[in-house]
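Just so it is clear, the model here is predicted, and its values are computed rather than measured. Numbers restart at 1 for each chain; the letters A, B, ... are given by sequence-line order, proteins then strands.
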Number of protein chains: 2
Amino acid sequence: MAPRKAPATSAVRLAAETWESLFRAQVAVMRRLQSGPAFRNLAVNEYDVLFTLSRCPSGWLRLNELNDNVLLSQSSLSRLVDRLEKRGLVARMPAPDDGRGVLLKLTEEGAALQKEIGREHVRDIAELVAPALTAAEQRELLRLTEKLRASLPSR
Amino acid sequence: MAPRKAPATSAVRLAAETWESLFRAQVAVMRRLQSGPAFRNLAVNEYDVLFTLSRCPSGWLRLNELNDNVLLSQSSLSRLVDRLEKRGLVARMPAPDDGRGVLLKLTEEGAALQKEIGREHVRDIAELVAPALTAAEQRELLRLTEKLRASLPSR
DNA sequence: GGGCAGTACATGCAAATGCATGTAAATCGG
DNA sequence: CCGATTTACATGCATTTGCATGTACTGCCC
């Protein structure tokens with residue numbers, strides 16, 4: 001029997017090339033976004049925390065849930081939140097149902113800053129993405145990246 | 001005349017949601033990749049430099065070209081390359097045609113390490129991406145991310 | 001060709017990050 | 001219900017990163 005290895009290796013290659021392209025696109029877009037004036041006062045990761053909190057329905061979010069969203073180690077996130085707290089942008093509170101946990105929410109000032117930066121940020125994104133892809137292509141890219149993310153093993 | 005603002009704002013929203021989804025997918029995949037055993041000896045950014053050099057046809061690459069590929073400041077890349085050089089993985093050489101420039105290439109040891117890590121890395125990628133998307137979906141995602149990257153303003 | 005702005009890379013230094021570990025609380029096994 | 005393991009977060013410390021700046025070279029304009 002011939003090994004017939006080609007299909008398997010080409011499937012692996014396709015996956016690798018797809019990831020590589022996704023990753024390079026992310027790097028290229030992110031580089032342009034973070035060098036813009038929207039982030040003169042706040043690092044991208046810091047903004048991302050404010051943004052995630054602003055999307056949270058209850059207003060409060062556990063630190064470990066936040067950590068899933070951000071590409072930072074647990075300890076780095078802990079200190080990033082320290083900084084945001086010292087700047088008066090977020091508030092900490094011990095989790096009521098779990099003595100180990102910490103809940104976070106935006107302060108009024110934090111919410112205001114998020115909205116202000118968010119407006120600029122969204123505009124910057126649109127200036128990069130909208131000319132590059134048609135609306136239909138954007139919807140498809142959105143669908144595929146959501147599917148990819150949703151299909152990942154939980155940990 | 002009615003302002004008819006809705007189409008514009010929804011185009012902006014679509015672009016923002018598309019980018020958000022792409023970014024989160026990248027974070028989720030990257031988190032899983034970088035915590036794997038492939039990167040026990042080398043940070044992802046360091047591997048990325050070796051990888052980029054391994055793809056370079058001439059074998060030599062300018063530092064500033066390398067910097068376009070990697071999400072690092074110029075100074076951080078300079079020092080990252082210092083570290084790789086001290087570990088004997090890359091070699092520096094003054095650019096012959098430009099007295100300010102520096103050319104880089106992999107050493108034999110660097111090329112070997114890149115191949116070794118690359119094998120594991122590609123396997124890890126395939127284990128995450130292949131089950132998540134069909135081959136056709138991967139090809140489409142590859143196409144869209146390539147198009148996005150290619151359409152960005154040069155700087 | 002001589003000055004002058006711009007580019008490529010290196011380096012001092014403060015800030016951010018990750019690893020290892022510490023502490024406290026929850027959960028599990030008996 | 002008690003000890004052992006696991007989970008959530010914080011912290012000491014070494015490493016990495018970015019900003020500002022320095023140095024050397026290039027290219028431009030006159």
Side-chain angles (χ1 to χ4, degrees), chain A residues 27 30-50 53 60-87 89-105 154-155, chain B residues 27 30-50 53 60-87 89-105 154-155:
Chain A
V27 167
M30 182 59 88
R31 178 181 286 294
R32 286 161 180 82
L33 288 174
Q34 73 184 5
S35 67
F39 295 105
R40 73 218 117 170
N41 293 324
L42 207 65
V44 175
N45 279 336
E46 293 172 339
Y47 169 75
D48 201 8
V49 166
L50 299 189
L53 287 173
W60 293 94
L61 198 61
R62 284 288 295 266
L63 214 42
N64 59 355
E65 299 178 271
L66 199 55
N67 213 150
D68 295 336
N69 239 9
V70 179
L71 201 54
L72 273 180
S73 69
Q74 177 269 318
S75 59
S76 297
L77 178 60
S78 179
R79 277 193 263 246
L80 188 155
V81 169
D82 281 348
R83 296 194 298 271
L84 294 178
E85 194 179 22
K86 269 168 201 144
R87 288 175 65 172
L89 301 173
V90 305
R92 266 188 236 248
M93 160 187 166
D97 58 330
D98 185 339
R100 302 162 300 177
V102 171
L103 290 175
L104 278 184
K105 81 173 175 80
S154 10
R155 233 164 269 238
Chain B
V27 167
M30 183 58 89
R31 179 182 284 295
R32 284 162 181 82
L33 288 175
Q34 74 184 6
S35 67
F39 296 106
R40 75 217 117 173
N41 293 324
L42 207 66
V44 174
N45 278 337
E46 293 171 338
Y47 170 75
D48 202 8
V49 167
L50 299 190
L53 287 173
W60 293 95
L61 198 62
R62 284 287 292 264
L63 215 40
N64 59 355
E65 299 178 272
L66 199 54
N67 212 150
D68 295 335
N69 238 10
V70 179
L71 200 54
L72 273 180
S73 67
Q74 178 269 319
S75 59
S76 297
L77 179 61
S78 178
R79 276 192 263 247
L80 189 154
V81 169
D82 281 348
R83 295 194 298 272
L84 293 178
E85 193 179 23
K86 270 168 202 144
R87 287 175 65 172
L89 301 173
V90 305
R92 266 188 238 249
M93 161 184 166
D97 59 331
D98 185 340
R100 305 162 297 178
V102 171
L103 290 175
L104 277 185
K105 80 172 176 81
S154 12
R155 233 166 272 236

Run Val49(A) and Leu77(A) through side chain to side chain contact (heavy atoms under 4.5 Å, CB included) and show every step you take. CA-CA 9 Å; Val49(A) 166; Leu77(A) 178 60; 4.0 Å; yes

Interatomic spacing from OG in Ser76(B) to CG in Leu71(B) - rounded to 0.5 Å: 10.5 Å

Scanning both residues in full, the closest heavy-atom pair of Arg62(A) with Ala95(A) reads NH1-CB, 4.0 Å

Looking at CG of Asn64(B) and CD of Gln74(B), how far apart are the two atoms once the value is rounded to the nearest 0.5 Å? 9.0 Å

Going by atom type alone, with no hydrogens or angles, which donor-acceptor pairs under 3.5 Å involve a side-chain atom of residues 32-43 of chain B and a protein atom two or more places apart or on another chain?
unit_1, atom_1, unit_2, atom_2, d
Arg32(B), NE, Pro153(A), O, 2.9
Arg32(B), NH1, Ala28(B), O, 2.8
Arg32(B), NH2, Pro153(A), O, 3.0
Arg32(B), NH2, Ser154(A), O, 3.1
Ser35(B), OG, Arg31(B), O, 3.2
Ser35(B), OG, Arg32(B), O, 3.2
Arg40(B), NE, Pro37(B), O, 2.8
Arg40(B), NH2, Glu120(B), OE1, 2.8
Arg40(B), NH2, Glu120(B), OE2, 3.4

For DNA chain D, which residues in residues 60-74 of chain A have a heavy atom at a distance below 4.0 Å? Arg62(A), Leu63(A), Asn64(A), Gln74(A)

Just to be sure I understand the rule, does Arg79(B) reach a base, reach only the sugar-phosphate, or reach nothing, if contact means heavy atoms closer than 4.0 Å? base

Provide the start and end nucleotides, 5' to 3', of the part of DNA chain C that has atoms under 4.0 Å from heavy atoms of chain B. dG6(C) to dC13(C)

Check whether any side-chain heavy atom of Leu50(B) lies under 4.5 Å from a side-chain heavy atom of Val90(B), and answer yes or no. yes

Over its full length, what angle do the end axes of the helix from dG1(C)-dC30(D) to dG30(C)-dC1(D) make, each axis taken from five pairs and the result rounded to 10 degrees? 40°

Value rounded to 0.5 Å, distance of OG in Ser78(B) from CG in Leu66(B): 11.0 Å

Tell me the closest heavy-atom pair linking Leu103(A) and Pro96(A), and the distance in Å. CD1-CD, 3.5 Å

Does anything in residues 89-101 of chain B reach DNA chain C, meaning a heavy atom under 4.0 Å, and if so which residues? Arg92(B), Arg100(B), Gly101(B)

From CZ of Phe39(A) over to C1' of dG18(D), roughly how many Å is that when rounded to an integer? 16 Å

Tell me which residues in residues 42-49 of chain A lie within less than 4.0 Å of DNA chain C, going by non-hydrogen atoms. Asn45(A)

Find the distance between NZ (Lys86(B)) and CZ (Arg79(B)) and round it off to the nearest 0.5 Å. 10.0 Å

Between Glu65(A) and Leu61(A), which heavy-atom pair has the shortest distance, and what is it? OE1-CD1, 3.9 Å

Looking at side-chain heavy atoms only, is the closest gap between Glu85(A) and Leu104(A) below 4.5 Å? no

Minimum heavy-atom separation for Val27(B) to Asn69(A), with atom names? CG1-O, 3.6 Å

Given that Asp82(A) and Leu80(B) both sit by DNA chain D, which one's nearest nucleotide is further toward the 5' end? Asp82(A)

To the nearest 0.5 Å, how far apart are CD in Glu46(A) and CG in Leu72(A)? 9.5 Å

Taking for each residue the nucleotide of DNA chain C with the nearest heavy atom, is it Ser78(B) or Gln34(B) whose nucleotide lies nearer the 5' end? Ser78(B)

